[in-house]
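A short worksheet on the structure shown next.
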Amino acid sequence: MPSTLLSLGSINADFQVRVAQPPGSQETLLASDFCRLSGGKAANRAYLATLFGHHSVLLGRVGADELADQALGNLRQAGVLLDGVTHAPGHSTAVSMITVPASGKKQIILANNANDAWDGMACDRVRAAIAAAPPQAVLALDHEIPAAVVRMAIEAAQQRSLPVVLDPSFPERLEPGLWPLISAVTPNTEEAAHLLGQPVTDSPSAARAAAAFRQRGVPMACVKLADGGCLLACAEGVYHVPAGGIAARDATGAGDAFTGVFAIALLEGQPASEAALWATAAAHLAVAGYGSQPAYAGREQVLAMAEQLRPQLRRVDD
Ligand code: RIB
């Protein structure tokens with residue numbers, strides 16, 4: 001039975017290449033495998049929701065330019081509902097310039113453009129979409145849009161008692177007073193360290209960080225580890241979800257696969273530990289391909305990968 005995922009946040013036109021070594025070593029680097037893709041955190045999550053067979057509502061901003069067609073084309077084709085995407089007059093659609101070296105550890109330069117250009121009409125459209133969502137809907141959002149829009153959307157979701165899943169990128173934008181209104185947060189180790197003001201470098205420190213988010217009022221906190229695993233703190237305890245050992249071709253969009261599938265699992269009524277398992281599986285599969293949306297796997301593959309990871313899922317607070 002399909003449910004509704006609302007995805008609010010960045011919508012980008014991605015320009016991606018492969019490079020032999022990371023940028024910085026030379027003034028001009030020769031690149032290969034150039035592609036233009038639909039991207040951005042909210043766009044990537046919205047695309048995943050359609051792969052899982054849900055109604056997917058995208059909320060965000062694009063420019064009135066041809067880059068908007070690049071950013072939205074794949075989503076339109078996939079059936080993502082785009083009525084909540086508004087045009088920012090005088091602004092370009094956001095652009096991500098992405099280089100992927102042999103290690104798969106991508107580097108991104110983001111021109112945030114329309115993602116940061118909100119007006120009253122665009123905010124009203126978001127409020128209306130949240131007000132009209134079915135009672136079982138989930139709101140997944142990121143912080144690559146202004147803090148005031150994030151706050152408005154979280155408060156609107158709270159009034160409807162809709163669960164809120166937050167990808168806290170950019171972490172410096174987060175308003176600390178919002179923690180008790182958020183159901184789940186999915187930072188990587190650097191974001192967790194920034195948000196908490198404490199070092200987060202390995203599994204034990206990630207477990208402490210996840211528990212610290214719970215102390216701030218967030219019921220489910222998943223700290224994503226650099227190896228692809230994660231630490232989850234939830235009402236049932238603290239869990240380590242292992243990395244799957246897939247060779248990384250391209251890490252672009254793996255974090256969005258994690259947050260998107262975590263939100264989808266909650267939408268489907270799964271407990272937090274199952275959501276973290278599915279999310280980790282989706283992120284593993286995402287790094288095996290090239291680009292974000294073209295690399296995403298659907299339900300069957302994600303659940304099969306989750307079964308492979310399940311035997312190593314561990315409580316670490318016993
Ligand atoms: O998180 C990955 C996404 O954000 C990419 O699609 C790219 O747009 C980046 O900025």
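Bear in mind that the values here come from a model prediction, so they are computed numbers and not experimental data. Whatever order the structure lists ligands and atoms in, that order sets their numbers, starting from 1.
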Heavy atom under 4.0 Å from ligand 1: found in Leu37's side chain, backbone, both, or neither?
-> neither

State the atoms of ligand 1, each with its element, that fall below the 4.0 Å cut-off from a heavy-atom position in Gly253.
-> 2 (C)

Atom indices of ligand 1, in the order listed, that fall short of 4.0 Å to a heavy atom of Ile108 | 9 (C), 10 (O)

Nearest heavy-atom pair of Phe52 and Arg299: which atoms, and what distance?
-> O-NH2, 2.9 Å

Does Glu155 pair with Arg160 as a salt bridge, N-O distance under 4.0 Å?
-> no

Salt bridge check: are Arg214 and Glu236 linked by an N-O gap of less than 4.0 Å?
-> no

Nearest non-hydrogen protein atom to atom 3 (C) of ligand 1, with distance, is Asp256 OD2, 3.5 Å

Indicate yes or no: does Asp116 engage Arg173 in a salt bridge with an N to O separation below 4.0 Å.
-> yes

Would you confirm whether the ring centroid of Trp278 sits within less than 6.0 angstrom of the ring centroid of Phe262?
-> no

For ligand 1, which atoms sit closer than 4.0 Å to a heavy atom of Asn12?
-> 7 (C), 8 (O), 9 (C), 10 (O)

Flag the pair Asp142 and Arg45 as a salt bridge only when some basic side-chain nitrogen lies within less than 4.0 angstrom of an acidic carboxylate oxygen.
-> yes

Which of the ligand 1 atoms, numbered from 1, are nearer than 4.0 Å to a heavy atom of Lys41 | 1 (O)

Who's the nearest protein heavy-atom neighbour of atom 8 (O) of ligand 1, and how far?
-> Asp14 OD1, 2.5 Å

Let me know which of Leu110, Asn12, Asp14 forms a side-chain contact (heavy atoms from CB on, under 4.5 Å) with Ile98.
-> Asp14

So the atoms of ligand 1 within less than 4.0 Å of a heavy atom of Gly39 turn out to be 6 (O), 8 (O)

State the atoms of ligand 1, each with its element, that fall below the 4.0 Å cut-off from a heavy-atom position in Ser96.
-> 7 (C), 8 (O), 9 (C), 10 (O)

